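Keep in mind that the numbers below use all heavy atoms, side chains included, and drop hydrogens, waters and symmetry copies. All figures in this text were calculated on a predicted structure; none of them were measured in a lab.
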Amino acid sequence: MSKPQHALHFFNTLTRQKENFKPITKNEVRMYTCGPTVYDYAHIGNFRAFLFEDLLKRWLKYRGYKVTHVMNLTDVDDKTIKGSQTQHIPLKQYTEFYAKAFFEDAAILNIEPADYYPRATEHIQEMVSLIQTLLAKSYAYKGEDGSIYFAINKFPNYGKLSKIKTRDLKTGTRVKVDEYAKEEAQDFALWKAYTPEDGEVFWETPLGKGRPGWHVECSAMSMKYLGETFDIHCGGIDNMFPHHENEIAQSEAATGKQFVIYWLHNEHLQVEGQKMAKRFGNFYTLRDLLAKNCDPKVIRYLLLSTHYRQQFNFTFEGLEAAKGAIERLTNLMRRLKDSNGKGNGEKISQLIDKVQRCFGEAMDDDLNISVALASLFDFVRDVNNLLDNNELSKAEAEKVHALLTNFDNVLGVVGNVEVETLPQEGALLIEKREQARKAKDWKTADEIRQQLKALGIVVEDTAQGVRWRREKA
Ligand SMILES: [Zn+2]
């Protein structure tokens, strides 16, 4: 008898429907997630998106898929240029600072690293070629300001993701800034001709002196690492328009192929019931919360525990509840280690079957985490009852422990996340070593390994990516 197949479903923003997930290549998933714009510390709204993507990736792996994950770093755009100029720091130095901060924060939140972290400034050539293709196919044109624009009326599918009505579009009028609203849908800049406001930031290319628009960055980098058509593209709902809509237009116009099969978007985050904004005094970066002594595992759990398509209300009360939940899990895992009871095979195997089925079915249903967690905590209560009555044998307890470890590989809140935070220096070195390895520069990679060792950090390259641990003194 063949094993029953799970049926993984995701809500696809493209069709506004829950769809059966079927990757292009059997057992493999290629996914792209819009990464941070490194002009400031990432805030908890950003981390809600990154944690949802981490949960998605971990669940795909739990279900046996090999996942190739690309997350870009936007290190040149309107915001980074403005930030570096305000602080009178060269762009590269300015963005490196926040890139490093991002990697530290992601490690603190136990987010599994992506396979590739391409930086926009290192892919100008790919963007130029993409724009050249669009020019050759007449989807793009040069404006009188010397910038190159995408002609949205040439692409009949424009609006298919955000569902804006194309007949209302103002075609022929242009928008050069990276961010704008749906009502302002116009021909958008692929390449921005140099103006003195750009200061030192420009590239001399066959397209002229200038810099890329934000949207073209993600099209060029995603297709370079994942191919012209890939399985999943994620991001916050606020990026659906114009960013993702424009990514589709650029990519599909250039290749004539479907760009992405499944688009997954997470909803906004609120704080204490209102929009998070500096002017409301409720704006938090991860660092702000750590400074208030919040445990990163608890923050992780809280941000994960609401379904990604629901608006999430971050509260300090919620953090307390999340802390309690992690303690219940951790305490049970500790208790299981000492269990040596009389055993009750039937009861425990029924409970194990049930939680595996319920947790699995819920997660397969578009990552329905609230239902999955409810079944997990029913299980925790039932096992505690068995332990209270001394009804769990050593072997049974080990089985339960292994099962909970599997679930925690998905949740990432108990495990060996002993708040082993990487020092800044270590995070940066690991990232540098990854870049060296991707460039097949084994000599540099080995030298960095030695430098890390001197800091007491051991790195291992596994099939799932690089892992680090502290060397026991
Ligand atoms: Zn993007």
Side-chain angles (χ1 to χ4, degrees), residues 33-54 71-109 111 113-114 117-122 177-181 192 197-201 211-215 217-218 221 234-240 242-244 266-272 274-292 294 296 299-300 303 312 314 421-425 427-428 431:
T33 58
C34 287
T37 299
V38 281
Y39 75 111
D40 203 344
Y41 294 113
H43 56 67
I44 54 172
N46 302 131
F47 280 110
R48 185 190 190 197
F50 302 143
L51 283 165
F52 142 62
E53 292 154 0
D54 189 50
M71 177 184 269
N72 72 299
L73 299 189
T74 299
D75 62 352
V76 57
D77 77 322
D78 296 350
K79 290 195 277 202
T80 45
I81 292 174
K82 193 166 168 245
S84 71
Q85 287 174 347
T86 311
Q87 299 205 9
H88 308 288
I89 300 172
L91 182 69
K92 176 113 186 110
Q93 195 185 331
Y94 178 78
T95 57
E96 270 310 312
F97 177 85
Y98 289 109
K100 209 174 91 185
F102 165 72
F103 287 116
E104 286 163 14
D105 289 356
I108 289 172
L109 286 175
I111 293 176
Y117 287 107
R119 283 167 157 78
T121 52
E122 290 166 8
V177 291
D178 287 331
E179 293 184 72
Y180 52 93
K192 303 183 183 191
E197 291 85 71
D198 288 342
E200 301 293 305
V201 182
R211 63 179 173 100
W214 171 39
H215 317 296
E217 297 179 2
C218 280
M221 291 188 280
C234 303
I237 193 80
D238 48 326
N239 275 343
M240 180 168 68
H243 187 50
H244 295 156
N266 66 282
E267 263 296 336
H268 289 290
L269 169 138
Q270 294 190 318
V271 176
E272 304 286 355
Q274 58 176 347
K275 187 177 158 43
M276 183 170 79
K278 284 186 179 151
R279 66 179 187 281
F280 297 144
N282 66 352
F283 183 95
Y284 296 110
T285 63
L286 176 63
R287 280 144 204 260
D288 295 332
L289 295 180
L290 298 180
K292 286 176 177 290
C294 299
I299 299 168
R300 177 182 169 93
L303 289 175
F312 174 72
F314 181 93
T421 55
L422 262 177
Q424 286 199 3
E425 207 183 343
L428 187 66
E431 217 252 318

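Distance check: Thr33 OG1 to Phe52 CZ gives 9.5 Å after rounding to the nearest 0.5 Å. Residue Asp198 holds its CG atom at 4.5 Å from CZ of Arg211, rounded to the nearest 0.5 Å. Between the CD atom in Gln270 and the CZ atom in Phe314 there is a gap of 13.0 Å [rounded to 0.5 Å]. Atoms OG1 and CG, on Thr285 and Asp40 in that order, are 8.0 Å from each other to the nearest 0.5 Å. Note: Tyr284 OH to Met276 CE = 10.0 Å, rounded to the nearest 0.5 Å. Interatomic distance, Leu303 CG to Asp54 CG, rounded to the nearest 0.5 Å: 11.5 Å.
Across all their heavy atoms, Ser84 and Ile81 have their closest contact at OG-O, 3.0 Å. Closest of all the heavy-atom pairs between Met71 and Pro118 is O-CD, 3.3 Å. Taking every heavy atom of both residues into account, Cys234 and Glu53 meet most closely at CB-OE2, 3.5 Å. When all heavy atoms of Pro242 and His215 are compared, the pair lying nearest together is CG-CE1, 3.9 Å. Gly235 and His244 make their closest contact through CA-CE1, 4.0 Å (heavy atoms, listed as atom of the first residue, atom of the second, distance). Thr80 approaches Val38 most closely through the heavy-atom pair CG2-O, 3.8 Å.
By the neighbour-count criterion of 12 heavy atoms within 6.0 Å, atom OH of Tyr39 is sparsely surrounded, having that number or fewer from other residues, nucleotides or ligands.
A side-chain donor-acceptor contact under 3.5 Å links Asn282 to the backbone of Ala277. Put simply, the side chain of Arg300 never gets that close to the backbone of Ile108: no donor and acceptor are under 3.5 Å apart. A distance-only check finds no donor-acceptor pair linking the side chain of Asp75 to the backbone of Thr95 [under 3.5 Å].
With a 4.5 Å cut-off on side-chain heavy atoms, Gln85 and Val201 do not count as touching. With a 4.5 Å cut-off on side-chain heavy atoms, Arg119 and Glu96 count as touching. Put simply, the side chain of Ile44 does not reach to within 4.5 Å of the side chain of Arg48, judged on heavy atoms. A heavy-atom distance below 4.5 Å is found between the side chains of Glu179 and Lys79.
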From CA spacing to verdict: side-chain contact (heavy atoms from CB on, under 4.5 Å), Tyr41, Phe97: CA-CA 9 Å; Tyr41 294 113; Phe97 177 85; 3.4 Å; yes
Derivation and outcome, salt bridge (Lys or Arg N to Asp or Glu O under 4.0 Å), residues Asp238 and Lys275: CA-CA 13 Å; Asp238 48 326; Lys275 187 177 158 43; over 6 Å; no
Test side-chain contact (heavy atoms from CB on, under 4.5 Å) applied to Phe103 and Leu73, step by step: CA-CA 11 Å; Phe103 287 116; Leu73 299 189; 4.0 Å; yes
Verdict with reasoning, Met221 to Asn72, per side-chain contact (heavy atoms from CB on, under 4.5 Å): CA-CA 7 Å; Met221 291 188 280; Asn72 72 299; 3.7 Å; yes
Lys92 and Glu200: CA distance, side-chain angles, deciding distance, salt bridge (Lys or Arg N to Asp or Glu O under 4.0 Å) verdict: CA-CA 11 Å; Lys92 176 113 186 110; Glu200 301 293 305; over 6 Å; no
Residues Gln93, Gln87; criterion side-chain contact (heavy atoms from CB on, under 4.5 Å); working and verdict: CA-CA 11 Å; Gln93 195 185 331; Gln87 299 205 9; over 6 Å; no
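Using a 4.0 Å cut-off between charged nitrogen and carboxylate oxygen, Asp178 and Lys82 do not count as a salt-bridge pair. Salt-bridge formation is not detected for the pair Glu197/Lys192: no Lys NZ or Arg NE/NH1/NH2 atom is positioned less than 4.0 Å from an Asp or Glu carboxylate oxygen.
Each of Ile111, Ile299, Asn266 was checked for a side-chain contact (heavy atoms from CB on, under 4.5 Å) with Leu51, and the lone residue meeting it is Ile111.
For Phe50, the ring-ring contact (aromatic ring centres under 6.0 Å, His included) criterion is met by Phe47, Phe102, not counting sequence neighbours.
Classified by interplanar angle (parallel below 30°, tilted 30° to 60°, perpendicular above 60°), the ring pair His243/Trp214 is parallel.
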